[in-house]
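To start, the structure itself, in structure tokens.
This chain uses plain numbering: 1 for the first residue, then up along the sequence.
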Amino acid sequence: MLKDISSFNSKLILWGSPNVVKKWNAFRKNSLQNNSENTLILIEDVMNEMRKDLGVKSVEKGGLLSIFINDIEKILEK
């Protein structure tokens with residue numbers, strides 16, 4: 001996983017918009033605090049910001065996460 005994140009970081013430096021970089025940095029800083037629910041929300045923010053860069057509309061909160069996490073609504077209710 002660290003190898004994947006490192007690879008993503010290097011690509012983000014070259015190709016990420018300023019807003020994607022900002023969202024990614026917020027995600028990384030939060031992930032160090034071991035706050036998993038907020039970390040999930042922040043990674044979804046990164047994905048939605050990337051979608052925006054591609055000209056695709058954002059998905060509602062939890063919409064992208066539900067692709068990977070079956071019971072995301074339980075986490076988002078907290």
Side-chain angles (χ1 to χ4, degrees):
M1 182 154 78
L2 290 175
K3 185 179 176 184
D4 291 337
I5 289 174
S6 178
S7 173
F8 184 78
N9 282 338
S10 63
K11 291 174 185 165
L12 186 68
I13 290 168
L14 292 174
W15 305 109
S17 71
N19 286 336
V20 171
V21 171
K22 185 187 296 185
K23 300 269 184 182
W24 179 253
N25 284 332
F27 158 74
R28 284 184 12 107
K29 288 177 185 176
N30 184 78
S31 66
L32 296 173
Q33 298 171 2
N34 203 23
N35 181 352
S36 58
E37 286 102 14
N38 197 37
T39 300
L40 289 172
I41 291 165
L42 290 171
I43 196 62
E44 187 172 55
D45 287 347
V46 172
M47 290 188 284
N48 268 320
E49 196 62 42
M50 293 171 120
R51 291 172 58 85
K52 188 188 303 183
D53 282 355
L54 295 172
V56 181
K57 291 184 180 180
S58 294
V59 177
E60 75 280 349
K61 186 175 180 180
L64 295 173
L65 293 175
S66 67
I67 295 169
F68 307 102
I69 303 169
N70 293 332
D71 57 350
I72 191 61
E73 54 281 336
K74 290 180 183 177
I75 294 170
L76 295 176
E77 288 174 359
K78 294 181 182 180

ILVMFWY cluster, F27 and F8 together (side-chain gap under 4.5 Å): yes
From CA spacing to verdict: side chain to side chain contact (heavy atoms under 4.5 Å, CB included), W24, L42: CA-CA 8 Å; W24 179 253; L42 290 171; over 6 Å; no
Donor-acceptor contact below 3.5 Å, side chain E49 vs main chain N19: no
Salt bridge (charged side-chain N to carboxylate O under 4.0 Å, His left out) involving K61 - partner list, sequence neighbours excluded: none
Worked check of side chain to side chain contact (heavy atoms under 4.5 Å, CB included) between I41 and L76: CA-CA 8 Å; I41 291 165; L76 295 176; 3.9 Å; yes
Cluster check I67, I72: I/L/V/M/F/W/Y, side chain < 4.5 angstrom: yes
The single option from N48, D45, I69, L40 passing side-chain contact (heavy atoms from CB on, under 4.5 Å) against L64: N48
Hydrophobic cluster membership, I75 vs F68, 4.5 Å side-chain cutoff: yes
Identified side-chain contact (heavy atoms from CB on, under 4.5 Å) counterpart of V46 within the set K22, R28, R51, K23: K23
Listed partners of N30 passing side-chain hydrogen bond (donor to acceptor under 3.5 Å, both in side chains), at least two apart: N38, T39
Non-hydrogen atoms of V21 and G16 that approach each other most closely: CG2-O, 4.0 Å
Distance in Å, E44 CD paired with S66 OG, rounded so as to fall on 0.5 Å steps: 8.0 Å
